[in-house]
Each structure stands twice: as structure tokens, then as C-alpha cells.
J.: 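Below you'll find the structure I mean.
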Amino acid sequence: MLYTSTRDNAVRVTAAEAITRGISADGGLFVPVEIPQVDAAFLASLCEKSYVERAVSVLKLFLDEFGEDELRAYAEGAYLGGKYSSGATVPLVSPDARHNILELWHGPTCAFKDMALQMLPYLLTGSAKKIGNDKKIVILVATSGDTGKAALEGFRDVPGTGILVFYPADGVSPMQKLQMTTQEGKNVGVCAIRGNFDDAQTGVKKIFTDERVKQTLAERGFAFSSANSINWGRLAPQIVYYFSAYADMVNAGKVRLGEKIDVTVPTGNFGNILAAYYAKRMGMPVNKLICASNANNVLTDFINTGVYDRNRKFYTTISPSMDILISSNLERLLYMLSDGDDAYVRGLFARLSAEGKYDVGERVADLVRESFAAGFCSDEETKRTIGALFAADGYLCDTHTGVAVAVYDGYVKKTGDGTPNVIASTASPYKFSAAVLEAVSGKKNDDGDEFAAVDELTRVTGVEAPAQLKTLRGKTPRFRDICTQGEMEAQVYRMLDGLAD
Ligand SMILES: *Cc1c(COP(=O)(O)O)cnc(C)c1O
């Protein structure tokens with residue numbers, strides 16, 4: 001299985017190279033040259049398997065340089081060992097007859113990012129070894145909140161690696177911020193950025209593709225890699241849980257083997273929903289992928305019109321991990337839908353960087369709408385939805401999942417589509433306690449004390465907060481630096497000096 005670049009079809013690299021490099025030198029993203037296909041027997045076999053075995057079965061289709069035993073050891077390290085607070089790694093919960101919620105957030109940092117970022121350190125160190133990389137791998141991350149913590153937790157004290165995280169100073173929840181600034185480990189660094197997530201991501205992308213920076217690093221024995229969802233090593237593990245959800249839907253008698261499901265995903269960078277699209281292209285029976293956005297509805301407009309236009313107001317919402325106007329992974333979708341037309345993709349992204357806007361043309365726009373539906377909702381609607389779901393079913397969800405439920409309900413009302421549906425639930429409600437508390441009780445957490453909101457939410461709902469978050473109470477932040485996008489490069493060098501060997 002070989003990989004190419006969305007911006008240059010002449011590129012051919014192995015999975016190990018794609019994962020180690022993170023992003024192609026031409027600025028494109030690595031994609032598999034061919035999409036592996038599965039059949040009904042494959043789906044039936046998954047129904048009998050544990051999550052670890054499902055992961056091995058799906059991942060080996062994309063990562064054939066890795067032996068099955070190797071992948072099994074990785075999956076056991078990533079998904080077992082008491083790291084997941086639930087019985088199942090990713091439970092599928094049905095609070096009522098219409099909603100099937102795939103809880104992806106029972107891992108160490110209480111967001112779905114753990115599903116990929118517990119696996120990535122194994123894939124990355126394994127890949128580096130396979131291609132004979134002798135440099136220390138520095139993971140550089142721009143985060144809208146959850147990636148940063150999940151990457152820090154995944155890579156902390158992993159030999160041969162260091163990890164540096166940039167987050168938008170005013171763009172993450174208090175709990176997300178506390179999770180990152182109190183991070184332990186000898187090989188970690190964390191810094192706030194003045195600006196929003198897009199500023200942080202643009203800054204990181206610039207540093208990544210700058211030959212001069214690369215050289216400076218190489219001289220000091222370091223090589224960058226990425227833990228953002230542009231890295232194939234992050235996307236591949238996310239494909240697994242959609243297959244797992246399908247198998248669980250079959251096992252629960254909600255669909256017959258081969259019958260289609262809809263999948264609703266609260267979307268930001270388009271990584272999670274793209275993984276679902278890969279599952280569909282591989283042959284998992286999917287009708288529609290429903291892309292749910294908050295007030296930053298650039299993807300809703302894109303899916304409905306074929307025009308991607310980031311020139312719009314940026315909103316800070318109660319679902320901060322989706323406060324994004326540049327969805328990087330869309331590039332992979334457009335490459336696939338244009339049948340691998342690298343010149344077309346180059347053209348689109350040149351326009352995006354020059355004008356902040358591109359039009360994919362009628363043919364691709366039609367193909368987008370064939371597979372995807374889209375909707376968005378306001379913070380008020382999200383809160384109403386969380387409140388209503390809790391009142392009716394006693395089921396508590398976070399603000400991102402709330403967006404997905406609201407958009408899915410609106411989609412069903414509008415289209416009458418009765419296809420059984422799976423909603424990707426991306427975070428624990430306790431990562432966004434103040435907003436969730438307001439949603440279920442109408443009470444505002446006025447004094448700003450995050451743990452007062454946690455306590456009150458527990459009291460009001462009777463739902464326990466995850467132990468991983470409760471232990472942060474009273475911890476003193478270890479990282480307090482803040483810088484501008486222009487200062488990021490210097491900050492990287494400063495943080496590298498601080499990493500222990
Ligand atoms: C990252 C994140 C999202 C968005 O996922 P993408 O893969 O960027 O589309 C949604 N919800 C939560 C809680 C997240 O952490």
C-alpha cells in the first residue's frame with residue numbers, strides 16, 4: 001500500500017514515510033493511492049471481534065508494512081490497560097429509539113482525540129524505526145483544545161520524541177486549558193497563542209514547511225512530525241470506530257448486515273467525518289454522512305453550495321473544538337472526488353490562500369452532496385437540545401455532541417430520512433461543564449470557578465465526572481507562556497531547549 005500527495009501525483013511513499021513526515025513537502029496531504037475494499041464477510045467477522053481485533057483488521061488494510069502482531073501490540077497499548085473508563089472502549093449508547101450515540105470519549109483525556117492519539121505514538125515511533133530515522137521526533141501541534149491534551153498524554157515520556165503544543169489563548173474551555181497547562185512529563189512544552197485556532201494552525205503549518213527551520217532543527221538532531229489530523233497516522237485509527245459502530249448496530253439488532261446507516265459527526269477540521277467517508281468508500285454500508293457545525297458554518301455552506309469561503313466572521317462558541325474556518329482535511333475529500341486530480345487541488349488551495357475562497361465546480365459539488373448532508377445550529381439551540389435530551393431520557397451529552405444531535409434532528413425533520421443513525425459523541429460533558437450546566441438547569445456558573453460548575457453539574461444530574469478530570473482540581477499550572485503567531489518559531493526553539501534528553 002503506497003501513499004501519494006493531494007498536490008503531486010508523482011509522490012510515492014510508504015505508510016511509514018507518510019506517518020513520519022506528517023505532511024508532504026509540496027504542502028499537500030498524504031492519501032492512499034488506492035482505497036482498500038471490504039465485503040460482507042469482513043463486516044460479519046467484525047461483529048464477533050473485540051475493539052482491539054477490529055482495529056487490527058481495519059488498520060492492516062492501510063498499514064501493510066506493519067505485521068499483524070505489531071498492530072495488535074499497538075492496539076492493546078492504545079485501547080486497553082485500564083485507559084478507558086467504560087467497559088467497552090467505545091460504547092454505543094441508545095438513550096431512546098431514535099438516537100444511537102457512539103461515545104468516543106472514555107479515554108485518558110475525555111475526548112475522541114484519544115482514539116487516534118493513543119495509537120499515533122506507536123505508529124510514529126514504529127514508522128521512524130522502519131525508515132531508519134535516527135533523529136528525535138518533535139511533534140508540533142496546533143490545537144482547538146482537545147488535540148493538544150490528547151497528544152501531550154499520548155506522547156508524554158515516549159522515548160525518542162518531544163511534543164510542543166500551541167493553543168489559542170481565548171479559544172479553549174477552562175477545563176481544556178487546565179488539562180494542558182498542568183501536563184506532566186519530561187518531553188513536553190505548552191504555549192498559548194494570541195489569536196484563534198486558525199492562527200495557531202497556520203503558524204504551525206508555516207514552521208513545518210519552512211526549509212530553513214527544518215535545517216536548523218536537523219542540525220540540532222531533531223525532525224518535526226505532526227499529530228494534527230493532517231497526519232495519516234491519526235486518520236487511520238479513526239476509521240476503525242465507524243466499523244466498530246456498524247458492527248455494534250448489527251449486534252444490537254438495529255440494522256441487518258449490509259443495511260445502510262447514516263452517520264452524524266460534529267465537525268471542525270473535517271478529520272473525524274472524513275474517517276467515516278473512508279469507511280463508506282471501503283464498503284461499509286452508509287447512506288448519508290451528516291456534517292454538523294456550530295455558528296462557524298463554513299462547512300454547511302460549502303456542502304450546500306460547493307463554494308468554500310472563509311471570509312466571514314469568526315464566532316467563539318460553547319463548542320470551541322469546532323470553532324474553525326479552515327478545515328484542512330477537506331483537501332483529501334476533494335482529491336478523492338476529483339479522481340486524484342492534483343492540479344485541480346493545487347488550484348483550489350492556491351485560491352484559498354490568496355482569496356480565502358474557492359469554488360469546487362458543479363461536478364464535484366454534486367458528488368459532495370451525494371454523500372454528505374450538512375446543517376448548523378446556534379449556542380441557544382445546542383443548549384436547548386442538551387436540556388431536552390437530558391429531561392426526556394436522562395442522557396447527558398457535551399456541547400459538541402449537542403450540536404450533532406440538534407443538526408441530526410433538524411435533518412430528519414426536513415428530509416424524513418428514516419435510515420438508522422449513529423451520532424459521533426466527541427467529548428465528555430464535563431469538559432464543558434459550565435455550558436452543559438446551563439443547558440440542563442438554566443443556572444449560570446457566574447463566579448468562573450470551573451470545579452464549582454463540575455460539582456453543581458454532578459449534583460443536578462447525578463452523572464459522575466470522569467476521574468481523569470476530577471484529579472485536576474487544585475493543580476498549579478506548569479506552563480504560562482503566551483506569544484503571537486510571528487513569535488512561534490522562536491518559541492519552538494526556546495521550548496526545544498527545555499526538553500529533557
Ligand atoms: C476535535 C473535535 C471536534 C472536531 O473534529 P474534527 O476531526 O476536527 O472535525 C469535535 N468535537 C470535539 C469535542 C473535538 O475535540
Side-chain angles (χ1 to χ4, degrees), residues 29 101-117 120 141-153 165 167-168 171-173 175-177 179-180 197-198 200-201 226-232 234-239 241-242 263-278 289-294 296-300 302-303 317-333 372 374 376-377 382 386 397-407 423-433 435-436 466 469:
L29 307 188
I101 299 185
L102 182 66
E103 294 185 346
L104 298 168
W105 44 263
H106 291 282
T109 76
C110 305
F112 87 95
K113 306 289 199 295
D114 287 328
M115 297 308 299
L117 283 161
L120 185 64
V141 179
T143 183
S144 59
D146 292 326
T147 296
K149 177 60 183 181
L152 287 162
E153 205 48 49
V165 171
Y167 69 92
V172 301
S173 83
M175 187 65 89
Q176 288 176 319
K177 184 171 173 175
Q179 281 186 300
M180 289 187 280
F197 169 69
D198 291 317
Q201 176 160 261
S226 160
N228 278 98
S229 57
I230 52 178
N231 192 318
W232 182 255
R234 243 192 90 178
L235 211 60
Q238 295 185 193
I239 300 170
Y241 51 71
Y242 290 108
V263 178
T264 306
V265 185
T267 298
N269 221 353
F270 211 75
N272 201 1
I273 196 167
L274 185 74
Y277 180 72
Y278 270 103
L289 302 167
I290 302 159
C291 174
S293 300
N294 61 27
N296 297 295
N297 58 357
V298 60
L299 285 167
T300 315
F302 168 71
I303 289 168
T317 74
I318 58 169
S319 42
S321 300
M322 295 153 67
D323 291 346
I324 291 177
L325 292 180
I326 305 178
S327 301
S328 306
N329 267 299
L330 209 47
E331 181 163 346
R332 286 189 166 110
L333 178 70
F372 293 86
F376 73 100
C377 74
T382 305
I386 296 170
C397 74
D398 93 292
T399 48
H400 303 75
T401 310
V403 168
V405 174
V407 167
I423 292 176
S425 176
T426 49
S428 158
Y430 281 96
K431 282 195 104 162
F432 309 94
S433 298
V436 174
L469 299 180

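As the structure lists them, so they are numbered: ligands from 1, and atoms in each ligand from 1.
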J.: Under 4.0 Å from a heavy atom of K113: which atoms of ligand 1 are those, numbered in the order shown and with their elements?
T.: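 That gives atoms 1 (C), 2 (C), 3 (C), 14 (C), 15 (O) of ligand 1.
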J.: Does an N or O from D398, backbone or side chain, lie closer than 3.5 Å to an N or O of ligand 1?
T.: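 No, since none of the N or O atoms of D398 sits under 3.5 Å from an N or O of ligand 1.
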J.: Would you call I386 and T399 a side-chain contact if the rule is heavy atoms closer than 4.5 Å?
T.: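 A side-chain contact under 4.5 Å exists here.
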J.: Do any nitrogen or oxygen atoms of G271 lie less than 3.5 angstrom from nitrogen or oxygen atoms of ligand 1?
T.: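 It does: an N or O of G271 is found under 3.5 Å from an N or O of ligand 1.
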J.: Does W105 come within less than 4.0 angstrom of ligand 1, counting non-hydrogen atoms of the residue?
T.: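 So W105 does not count as touching ligand 1.
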J.: Angle class for the F372/F270 ring planes (parallel below 30°, perpendicular above 60°, tilted otherwise)?
T.: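 Ring orientation of F372 relative to F270: tilted.
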J.: Would you say the side-chain atoms of N329 and Y277 include a donor-acceptor pair closer than 3.5 Å?
T.: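 Y277 and N329 do not have a side-chain donor-acceptor pair below 3.5 Å.
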J.: So for ligand 1, is G268 a polar contact partner (N or O within less than 3.5 Å, distance only)?
T.: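 By distance alone, the answer is yes.
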J.: Please test M175 against F432 for side-chain contact (heavy atoms from CB on, under 4.5 Å), starting from the C-alpha separation and ending with a verdict.
T.: CA-CA 7 Å; M175 187 65 89; F432 309 94; over 6 Å; no
J.: Is N272 close to ligand 1, meaning an N/O of one under 3.5 Å from an N/O of the other?
T.: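 There is such a contact, yes.
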J.: What about F270: any of its N or O atoms under 3.5 Å from an N or O on ligand 1?
T.: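 Yes: some nitrogen or oxygen of F270 is under 3.5 Å from one in ligand 1.
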J.: Pairs of nitrogen or oxygen atoms closer than 3.5 Å, one from S229 and one from ligand 1: do any exist?
T.: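 N/O-N/O distance under 3.5 Å: no.
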J.: Going by the order shown, which atoms of ligand 1 are within less than 4.0 Å of some heavy atom of A427?
T.: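 Numbered from 1, ligand 1 contributes 13 (C).
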J.: Considering only the protein, which heavy-atom contact is closest to atom 8 (O) of ligand 1, and what is its distance?
T.: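 Of every protein heavy atom, N269 N, 2.7 Å lies nearest to atom 8 (O) of ligand 1.
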J.: What pair of heavy atoms forms the shortest contact from A151 to V141, and how long is it?
T.: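 Looks like CB-CG2, 4.1 Å.
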J.: Using heavy-atom distances, let me know which of N294, N228, T426 sits nearest atom 11 (N) of ligand 1.
T.: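 Of the listed residues, T426 has the closest heavy atom.
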J.: What pair of heavy atoms forms the shortest contact from I324 to V298, and how long is it?
T.: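 Heavy atoms of I324 and V298 come nearest at O-CG1, 3.9 Å.
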J.: Near T267, which atoms of ligand 1 are under 4.0 Å from a heavy atom of that residue?
T.: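 Within the 4.0 Å cut-off of T267, ligand 1 contributes 9 (O).
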J.: When you check the side-chain N and O atoms of S226 and N231, is any donor under 3.5 Å from an acceptor?
T.: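 Per modelled atom types, S226 and N231 side chains form no pair under 3.5 Å.
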J.: How does K431 reach ligand 1, by side chain, by backbone, by both or by neither, if only non-hydrogen atoms under 4.0 Å count?
T.: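 Looking at K431 and ligand 1, no heavy atom falls under 4.0 Å.
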J.: Against heavy atoms of P266, which atoms of ligand 1 measure under 4.0 Å?
T.: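 Those of ligand 1 that fall under 4.0 Å from P266 are 4 (C), 10 (C).
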J.: Using modelled atom types only, decide if a donor and an acceptor are shared between the side chain of D146 and the backbone of K113 within a distance under 3.5 Å.
T.: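 Not at all, since once roles are kept as given, no pair shorter than 3.5 Å links the two residues.
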J.: Starting from the C-alpha separation in whole Å, work towards a yes-or-no answer on side-chain contact (heavy atoms from CB on, under 4.5 Å) for Q176 and K149.
T.: CA-CA 7 Å; Q176 288 176 319; K149 177 60 183 181; over 6 Å; no
J.: Compare every heavy atom of L117 with every heavy atom of A227, then report the nearest pair and how far apart it is.
T.: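 Of all heavy-atom pairs spanning A227 and L117, the closest is CB-CD2, 3.8 Å.
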J.: Using a strict 4.0 Å cut-off to heavy atoms of D146, name the atoms of ligand 1 that fall inside it.
T.: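 Close to D146: 12 (C), 13 (C), 14 (C), 15 (O).
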